[in-house]
Amino acid sequence: MNSTDANSTPCVKIGENAISDVLMSIYILAFIFGLIFNVLTLGPIWQQVRRQNILGIFLLNLSISDLLFLFTMPLWINYYQQDHHWKLGVVSCNVAGFFYYTNMYISIYLLCCISVDRCMVVTYPLRSKTHRTSRCAWAQCATVYVVVVALHIMVLVNDNLVDAHDEKNDNDRCYETFPMPRPVALFNLLRVGICFLLPLLVLAVSYWRVLATVGQSPGLTAQAKRKVRLLSFGVIGIFSFCFAPYHILLLIRSLVFYNSDNVQAQGSYCQFEQKMHFPFSCMLALSSLNCVVDPVLYVLVSNGVQEEVKLCWRRRRRTQTGECALTAYERGKTNTNLI
């Protein structure tokens with residue numbers, strides 16, 4: 001759905017090249033490993049939820065968001081296999097893009113919820129008991145889902161995806177609009193600030209407080225402190241590796257669009273977008289890897305969950321869910337609730 005100039009020349013030419021193969025490989029890896037890790041850890045997470053574990057509630061909602069996104073992954077794999085040609089209709093493009101972006105920001109905000117929860121547990125262990133209830137955790141998750149979904153419904157309304165199928169110019173792209181519509185450019189600036197920079201600030205402050213408190217606590221073992229550090233640096237690592245490159249390039253693209261908002265500058269703008277297309281597409285694909293690292297980071301560093309995963313996996317054909325949960329609960333009684 002590339003816009004064209006007076007000579008019907010696409011602003012950005014997307015042909016058959018190595019871009020499609022690279023992106024398809026990234027999405028295939030994200031789909032395979034993301035599906036394996038999320039399915040493998042879904043059972044143990046559910047057992048935590050049944051025991052009204054606050055962290056388990058956040059993890060369950062994170063896994064649900066990741067799985068909904070993973071179910072649309074074959075559509076993106078097919079898109080890049082067809083060299084950026086969407087052959088499945090506008091509705092499927094709407095659905096795939098909607099789940100892609102909502103999952104990204106649901107994950108970001110749930111990571112914030114988890115970081116604030118961990119900060120409250122470590123910094124104010126007694127005061128936080130009155131506020132850390134399962135009802136409050138469910139309310140936070142519901143608020144995240146409602147707000148993110150509502151915002152992206154607005155994007156669907158303003159992004160004219162009906163133009164994706166232009167048979168005359170052979171333009172059947174999905175969420176690759178050049179030049180970007182003005183309402184979408186404005187929304188990009190807002191989501192970089194509100195949906196990335198603000199959560200990053202919350203994460204940095206939360207885990208700075210956690211690391212400072214843990215470092216001064218003589219009652220914690222070296223193993224417990226190591227897990228806290230692993231969790232803290234792991235979350236910042238997710239943002240740095242999965243989300244930061246995409247949002248930095250998105251910010252640059254949006255600013256260049258506003259600085260090129262005249263007829264004379266359209267030529268240079270299109271040249272800029274042509275050069276940015278490959279790195280931006282790669283950074284967008286890289287953001288999909290959050291559905292792989294989320295369960296690995298949060299579930300496998302949690303106390304008792306790694307043993308529970310192994311136990312449930314070993315007895316998945318012989319043991320009922322209730323027996324698995326009971327055994328895991330008994331094994332985890334002596335564990336601390338710090339992580």
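Just so it is clear, the structure is predicted and the values come from calculations on it, not from any experiment. Quick note: residue numbers are just sequence positions, from 1.
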Exercise for the section: Measure SG to SG for C93 and C174 and state whether it is below 2.5 Å. Expected result: yes
Practice task
Only one of F243, F187, Y105 passes side chain to side chain contact (heavy atoms under 4.5 Å, CB included) with C195; say which it is.
Solution key: Y105
Handout entry: Sidechain-backbone polar pair: S115 side chain, C112 backbone, donor-acceptor under 3.5 Å
Key = yes
Practice task
Measure the acute angle between the ring planes of F69 and Y100, then classify it against the limits of 30° and 60° as parallel, tilted or perpendicular.
Solution key: perpendicular
Practice task
Report the distance from atom OG of S63 to atom CG of N38, rounding to the nearest 0.5 Å.
Solution key: 5.0 Å
Completion exercise
When rounded to the nearest 0.5 Å, the distance separating CZ of F37 from SG of C291 is 10.5 Å
Practice task
Kindly write out the residues that satisfy ring pair (Phe, Tyr, Trp, His ring centres under 6.0 Å) with Y80, not counting sequence neighbours, or none if the list is empty.
Solution key: Y27, H84
Completion exercise
For F98, the ring pair (Phe, Tyr, Trp, His ring centres under 6.0 Å) test, sequence neighbours excluded, returns none
Problem - Aromatic ring proximity F31/W76, centre distance under 6.0 Å - result: no
Practice task
Report yes or no: do L289 and I28 belong to one cluster of Ile/Leu/Val/Met/Phe/Trp/Tyr joined by side chain heavy-atom distances under 4.5 Å?
Solution key: yes
Problem - More than 12 heavy atoms from other groups under 6.0 Å of CZ on F33 - result: no
Practice task
For Y269 and R253, test the side chains for any donor-to-acceptor distance below 3.5 angstrom and give the result as yes or no.
Solution key: no
Problem - Criterion ring pair (Phe, Tyr, Trp, His ring centres under 6.0 Å) on F280 and Y246, from CA distance to verdict - result: CA-CA 7 Å; F280 182 77; Y246 165 73; 5.4 Å; yes
